[in-house]
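First the proteins, then the strands, lettered A, B, ... as listed; each starts at 1. Since this is a predicted model, take the numbers as computed values, not measurements.
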Amino acid sequence: MGTYIIKRIMSIIPIFLLAAFLTTGMIHLSPVDPAEAYLTAAHIEQTDEILAQKRHEFGLDQPFFMQYINSIIKICQLDFGISYVSNKPVWDEVIHRIPATLQLALGSLFLAVLVSVPLGFFAGVKKNSAIDHFSRLLSFFGASIPSFWLGYILIFFFSVKLDLFPVEGIGTWQHLVLPSVTLALPLIAMYTRLLRTSILENLQEPYVLFARTRGIKEKTIMAKHILRLAISPMITGLGMNLGKLLTGTIIVETVFSWPGFGRYFIEAIFNRDIPIIQCYVLIAASLFILSNLLVDLIQMYIDPRISRKEGQQR
Amino acid sequence: MFYTISRRNILLTSIFIFLFSTILLGCTNASDEASTSKDDNENMLTIAWPRDVGAMNPHIYNPSQLFAQSMVYEPLVSYGIGGKLKPNLAESWEISTDGKVYTFHLRQNVKFSDGTSFNADIVKKNFDTVLNHMELHSWLGFLSKIASTEVIDEFTFKMTLTEAYYPTIQELAVVRPVRILGEAGFPADGDTSKGVEKAVGTGPWILDEYKQDEYAIFTRNENYWGELPNVEKIKVKVIPDAETRVLAFEKGELDLIYGEGVISLDAFKQLESTGKYETTISDPVATRQLVLNTTRETLSDERVRQALHYGFNKEAMVKGITSGLEESADFILPTNLPYTSDIDVESIDYDVKKAEALLDEAGWILPKGKTVREKDGKLLEIEMMYDSAESIQKAMAETLQSEWGAIGVKLNIVGVELAVQVQRFKDNDFEINFFSNYGAPYDPHTFINIVAKEGFGFNEAISAYPNKAEILKQIALIPQTTDEAERQQLYTSVLTSLQDQGAILPISYIKKTAIYQKDVTNFNFSANRDENPFTGISIK
């Protein structure tokens, strides 16, 4: 088990290096020169000398490989450079915006789990019942409504018309409700269907029949056997979506004026604030990698057969 | 078995408790945000702005917002309606006959918001600090011409230029970087380019409360020397999304939304049509122009350029696309700017027949059975570049594509990002581009300056003008003129010539819009495009 964990952690390194490679390469793929972007944002008149000086300062006159090595070293020191717009270190700008984004992402995750587990479970157990039809309807909506539109609709009904929640901003739990629902609905749609299918599959397994013949109570079979095994694909889904949640906040934060990292990222794109963009991409990539690792570890903990299987394959 | 189950339960419960408590913890720092502005303070005006007000540094640009800087910091001279330059922190001024020496008599009994006195020393300190970072401010013409700054006595400040530069007084009205910061605002090393200690100004507002990316509350400066604002507080909520601004306004969380493009034209019209709100549209703040690149073979012929001008219904296009919020423009600069009201250009009305005749005359013939004109086997094909994020530019490009298609001109429209649009304009890598001038207090001198400037885009674009050299010579003379009549004559000549030869085609006058609740009264736009409009506003 220990070897498995170490192996999984080691496998992160090449993926991370690739992510860093892509963010460094991104500068060269963009039609806009970072030195020019900096001078424009800083309101400095561009002359050939100043451009050359800035290119040198940003290390853009070095060979690509050297730029890559330098950026890896800097990233390891959490040095993402200086924001072109605010002239402050990128890390300082980012770090105080992350808590708001995490609050929103965790709020949505919490909501998604809270709704989709019972809904998916009962939809699976009581197939073709009213609750199953409802879950199907909810999933269709959740999967097909674009989040910005859903955000506006929620604001219009629950804030403007019914005056239950504030339109925008952060601070109280009321502020968290509408953005969390907006962000959580696609997840609820997915997890509910995932859990339902998994429950239905598990219901067909011989161990259920065996348990029933042993006279175990139906409730116990459902809660302790079926749900426990059926929830596994959902946890995988959760892990895969942690990174998505972060990127999903971009739109939701903008619509609800939520002062997080996603909204800041959008501003950075408009301002061509390249160091911020790079930092965001790298953090998003790291979150994807880490959440996948976390899910693997949780899966392994819940179902130790996984690590055994892995061990056998290697 | 029981052991593992209980451990698992503990783990899951812990995760849930952690998640829930983290979320709630984030909420415990609850402010009184949920309640609307009016409940907190009857005499507070709440507005929305797309961006955070920024660092409130009067000597630096992004990310500080101009309107907020103008609330706290004041200039020596301010820009009034029709370009009238009015005393502000300077009560009066004298300009030497050679146009080089400016002596300002400063207003006495003016205090900064921290109680310290305003005087010539602090004015000099501000100017010198700004001049130490000329790499940031070279765009502002008069700054690069300052030879020396001098304190004559407590309330007299003298500025000597290396050469005469008439727009100096007008440029002093800009919001940044020449507004005056109080002593307490300067950092220990005196270098404000890295930031200020405190937002200390002489203006009618004081920054009272600030939460980055969320809101800023400005309180009325009770010791303000000038006309005291009617409202006590102004709360600026940061709402980046235009639709959310509209929804917050509809709910009553906002009293006012104003600016350029701050809400969509559709939303503005829809809100206006309900009759529940008041609206105001400003005088023209800039002209939306088309720049035709005369270095391109097709556009080098003046007849083709004029044909394009005759070949579309400007009035209908502008009205249709902007729902009447912009006005069809006859001049390349709005005529409410100084020196621009006396331009005598040939008026061009929509005339398809004339357009076709001009194209025929230029040798672009429409072959039978074809839809695109040709000359020596070459199609009359032109590319127009527009900012893909700007819905008005896009709609106008599409309209022109259809209108010009009817006279046998194939217009290819290309949407690009703003940064690319600017870059391609600079690189002379375009055929037709959209542009709009800066407005007051920068124009008309900044506009003609960029027309003359190499590498900006205009200078190269007008290369086929036979009198280009003469135009550039006149532009160079304008800032140095000390004779008002001569200056007017030069402006008239330059602007008329630029427009008459058709490389700069006026489309519409851009205007600001404001929508506000019925209890908000006395809203007036400022003549300075960047200045806030809050002083006169009242809430019933």
Side-chain angles (χ1 to χ4, degrees), chain A residues 31-33 36-37 40-46 50 84-88 96-97 99-100 102-104 106-107 109-110 113 148 151-152 155-156 159-160 163 165-176 180 224 228 253-257 259-260 263-264 266-267 270-272 298 301-302, chain B residues 5 7-8 11 15-16 18-20 22-27 29-36 48 51-52 54-55 60-63 135-139 193-195 211-215 237-241 243-245 247-254 389 417-420 422-423 426 455:
Chain A
V32 176
D33 176 0
E36 277 183 27
T40 309
H43 218 281
I44 299 174
E45 195 159 1
Q46 293 168 24
I50 292 180
Y84 293 172
V85 174
S86 70
N87 243 332
K88 289 182 187 156
H96 80 263
R97 286 178 169 94
L102 275 183
Q103 191 191 347
L104 181 58
L106 291 179
L109 197 67
F110 185 75
V113 172
F148 72 91
Y152 294 142
I155 294 176
F156 183 74
S159 186
V160 177
D163 198 14
F165 302 104
V167 175
E168 49 77 44
I170 187 172
T172 62
W173 67 268
Q174 288 99 324
H175 286 97
L176 188 63
S180 295
K224 291 198 173 163
R228 225 184 80 201
E253 284 183 359
T254 307
V255 168
F256 290 93
S257 308
R263 192 178 112 188
Y264 187 55
I266 288 283
E267 251 180 63
F270 282 118
N271 292 327
R272 303 261 166 183
I298 293 176
Y301 184 75
I302 287 182
Chain B
I5 287 174
R7 262 181 65 188
R8 194 170 301 119
L11 175 79
I15 291 176
F16 261 73
F18 170 73
L19 268 174
F20 194 63
T22 316
I23 298 158
L24 286 184
L25 261 177
C27 296
N29 194 15
S31 63
D32 52 355
E33 265 282 80
S35 56
T36 60
R51 295 213 166 111
D52 183 79
I60 287 294
Y61 307 89
N62 279 332
E135 76 279 5
L136 297 174
H137 315 299
S138 57
W139 67 274
S193 73
K194 303 260 184 317
K211 231 171 172 190
Q212 192 178 25
D213 292 343
E214 291 180 47
Y215 64 89
K237 283 190 177 188
V238 185
I239 306 182
D241 185 75
E243 295 306 320
T244 311
R245 285 195 283 275
L247 290 165
F249 179 76
E250 274 189 289
K251 199 192 166 193
E253 287 185 9
L254 301 173
E417 277 184 60
L418 179 64
V420 177
V422 172
Q423 193 59 46
K426 279 183 180 172

Checklist entry - Do B/Lys194 and A/Asn87 touch side chain to side chain, with heavy atoms closer than 4.5 Å? => result no
Checklist entry - Is chain B contacted by the side chain of A/Tyr264, its backbone, both, or neither, given a heavy-atom distance below 4.5 Å? => result neither
Item to check | Minimum side-chain heavy-atom gap B/Ile60-B/Ser193 below 4.5 Å | outcome: yes
Item to check | Partner chain B: residue of A/Arg97, A/Lys88, A/His96 with the largest heavy-atom pair count (under 4.5 Å) | outcome: A/Arg97
Checklist outcome for this item: Highest number of heavy-atom pairs under 4.5 Å with chain B among A/Gly260, A/Pro99, A/Ser159 belongs to A/Ser159
Checklist entry - How about A/Val167 and B/Leu254: do any of their side-chain heavy atoms sit closer than 4.5 Å? => result no
Checklist outcome for this item: So, the part of B/Ala248 with a heavy atom under 4.5 Å from chain A: the answer is both
Checklist entry - Any side-chain heavy-atom pair from A/Ile155 and A/Phe256 closer than 4.5 angstrom? => result yes
